[in-house]
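Convention: sequence-line order gives letters A, B, ...; per-chain numbering from 1. Atom set for the values below is all heavy atoms of this structure, side chains included, hydrogens, waters and symmetry mates excluded.
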2 protein chains.
Amino acid sequence: MIRVVLFEDNKNLRESLSMYLASSDSIWLAGSFSDARNALWAMKTHHPDVVLMDIQMPHITGIEAMIDIKKVYPNIKVLIQTVYEDEDHIFKAICAGANGYVVKNPNPEVYIQAIEEVHAGGSHLSPNIAAKVLAMFQSQYVRIQPTFIELTQREKEVLGCMVKGMSYKMIADACDIKFSTVHSHIKNIYEKLHVNSAPEAVVKALEMRLI
Amino acid sequence: MIRVVLFEDNKNLRESLSMYLASSDSIWLAGSFSDARNALWAMKTHHPDVVLMDIQMPHITGIEAMIDIKKVYPNIKVLIQTVYEDEDHIFKAICAGANGYVVKNPNPEVYIQAIEEVHAGGSHLSPNIAAKVLAMFQSQYVRIQPTFIELTQREKEVLGCMVKGMSYKMIADACDIKFSTVHSHIKNIYEKLHVNSAPEAVVKALEMRLI
DNA sequence: CAAAAAATCCCCAATATTGGGGAGAAAAAA
DNA sequence: TTTTTTCTCCCCAATATTGGGGATTTTTTG
């Protein structure tokens, strides 16, 4: 049986969810709490396999509690359950190491399924959350190149150096060309990118994934 | 009913899956094909809501077919179903706009669930896939967090301006402070970020998502 | 409330960058 | 092969940035 600990500040929800989880024969509800300040103590006492964690709670947020838990017990799986569906919360939860993200749902079956999946080493994301994660993922990698700009090999090289924060002198050294040549290349780069300063060029280069 | 078209080169699998989908009362299987070269024609003829697409197929991969489909029919949802669980395939599929990724599974119920979720505008990821996506996501953002750097509100504002490529003078104007103040802030920013030039600061800011 | 931190401003001087020209060799394209 | 692009280099002068000192006033915090 999967040992589960629940954190949820809303009394009604906590009690109904507890009752439901306790009635499942694959889950052993080891404890349920309204406050995550005692999270580490709860872990130590109940050593759960999976923690079902609300985000919005008084005193300390579920994400903060999860960070604490993961620091001490990296093997405990944490399943976030919340009403928040905005990118910011999703992002923070994922970065903090959440093993799943379930949107609060009147249908309690999904909790069981999510807990089982997470316990088995997978992750569970509610469909809307999954869609947002995929969208975030895509926007990171799918380049948008409305204006296709061609930089020569040398120009890319120089731009690459600029991104690394190198000065003209350092670039000249690194590329084994004269200072004045670097100057020329950068003039051309600025012309092509329609910018007129190094920071702008760097931002544009990163945005367009030119380098 | 959800109109579905299936692409799967394995005859046995295609037929058993077809039969299963056809027996569902929420799904209308509009067609099933062993070859994705006719994908666009299939879309035009059967105008499905959801396409269930294998990756590994002769002549043209499911991902390539999906790219073609998405180009012409961006509203058609594509659900990838495959045996591949490696990061490379997952990554490519997501970047190409997949709405879901189901690992081939002897239990056909998950297909129905995935199709319904995708059709409703969400995404469906098999637990192992979701775990890998979350891991990829984390590794992108969490890596450069060991040094937690705190910038003040003003400093973030100034840094934000620098990222936009503004000069000291422009920043002074935009933030309604004196040139010398901008200078001071930037000196502090450089100190905090351990850099000594604008391009470096900009790169670091973007990397650390400080702004 | 007192201390610390943040935000605001100033001076000066060294260095770096940018923009304007121009020009010759090497490589790639027509 | 001729033409064009790329890569290379130089000069000069204007402007911008950086680093080193400060100092004052708000806010925040202990």
**OP:** Anything under 30° is parallel, anything over 60° is perpendicular, the rest tilted; go ahead and classify B:His46 against B:Trp41.
**Re:** perpendicular
**OP:** For atom CG of B:Asp176, decide whether the heavy atoms of other residues, nucleotides or ligands shown that lie under 6.0 angstrom number more than 12.
**Re:** no
Original post:
Between A:Glu191 (CD) and C:dG20 (P), how many Å, whole number?
Top reply: 9 Å
Original post:
Base, sugar-phosphate, or nothing for A:Ser197, non-hydrogen atoms under 4.0 angstrom?
Top reply: sugar-phosphate
Original post:
Which nucleotide in the set C:dA7, D:dG19, C:dG19 lies at the smallest distance from any side-chain heavy atom of A:Asn196?
Top reply: C:dG19
Original post:
If we require ring centres under 5.5 Å and near-parallel planes under 30°, does A:His183 stack on C:dT18?
Top reply: yes
**OP:** Using a heavy-atom cut-off of under 4.0 Å over every strand shown, decide if A:Lys187 touches base, sugar-phosphate, or nothing.
**Re:** base
Original post:
Looking across every strand, which nucleic acid part, if any, lies under 4.0 Å from A:Tyr168 by heavy atom: base, sugar-phosphate, or nothing?
Top reply: base
Original post:
Between B:Lys178 and C:dC10, does any side-chain N or O lie under 4.0 Å from OP1 or OP2?
Top reply: no
Subject >> Side chain A:Ser180 and base D:dC11 donor-acceptor under 3.5 Å >> reply: no
Original post:
Could you give the CZ-to-P distance, from B:Phe179 to D:dG19, as a whole number of Å?
Top reply: 14 Å
Original post:
Just how far, in rounded Å, is P of D:dT18 from CE of A:Met170?
Top reply: 14 Å
Original post:
Which nucleotide in the list D:dT18, C:dT8, D:dA16 gets nearest to the side chain of B:Ala198?
Top reply: D:dT18
Subject >> Greater than 12 external heavy atoms within 6.0 Å of B:Lys104's NZ >> reply: yes
Original post:
Rounded to whole angstrom units, what separation is found between the CD atom of A:Glu200 and the P atom of C:dT17?
Top reply: 16 Å
Original post:
Over how many whole Å does the gap from A:Gln153 atom CD to D:dT6 atom P extend?
Top reply: 12 Å
Original post:
Looking for any heavy atom pair under 4.0 Å, which part of the strands does A:Asn188 touch: base, sugar-phosphate only, or nothing?
Top reply: nothing
Subject >> A:Ser167 side-chain proximity, nearest of C:dT17, D:dT6, C:dG22 >> reply: C:dT17
**OP:** Calculate the interatomic distance between A:Met166 atom CE and C:dT17 atom C1'; express it in whole Å.
**Re:** 16 Å
Original post:
Does a side-chain N or O from B:His185 land closer than 4.0 Å to OP1 or OP2 of C:dT8, or not?
Top reply: yes
**OP:** Could you state the atom-to-atom distance from NZ of A:Lys192 to C1' of C:dG19 in whole Å?
**Re:** 18 Å
**OP:** For A:Met1, look at atom CE and say whether over 12 heavy atoms of other residues, nucleotides or ligands are found less than 6.0 Å away.
**Re:** yes
**OP:** Rounded to the nearest angstrom, tell me the gap between atom CD1 in B:Ile171 and atom P in D:dA16.
**Re:** 13 Å
Subject >> Contact summary for A:Thr82 and A:Ile80, nearest pair of heavy atoms >> reply: CG2-CG2, 4.0 Å
Subject >> Phosphate OP1/OP2 of D:dT18: any B:Tyr190 side-chain N/O under 4.0 Å >> reply: yes
Original post:
Any chance the side chains of A:Glu109 and A:Gln113 put a donor and an acceptor closer than 3.5 Å?
Top reply: no
Original post:
With no angle test and no hydrogens, is the base of C:dC9 tied to the side chain of B:Thr181 by a donor-acceptor pair under 3.5 Å?
Top reply: no
Original post:
Which sits closer to the 5' end of DNA chain C, A:Val195 or A:Lys169, going by the nucleotide each is nearest to?
Top reply: A:Lys169
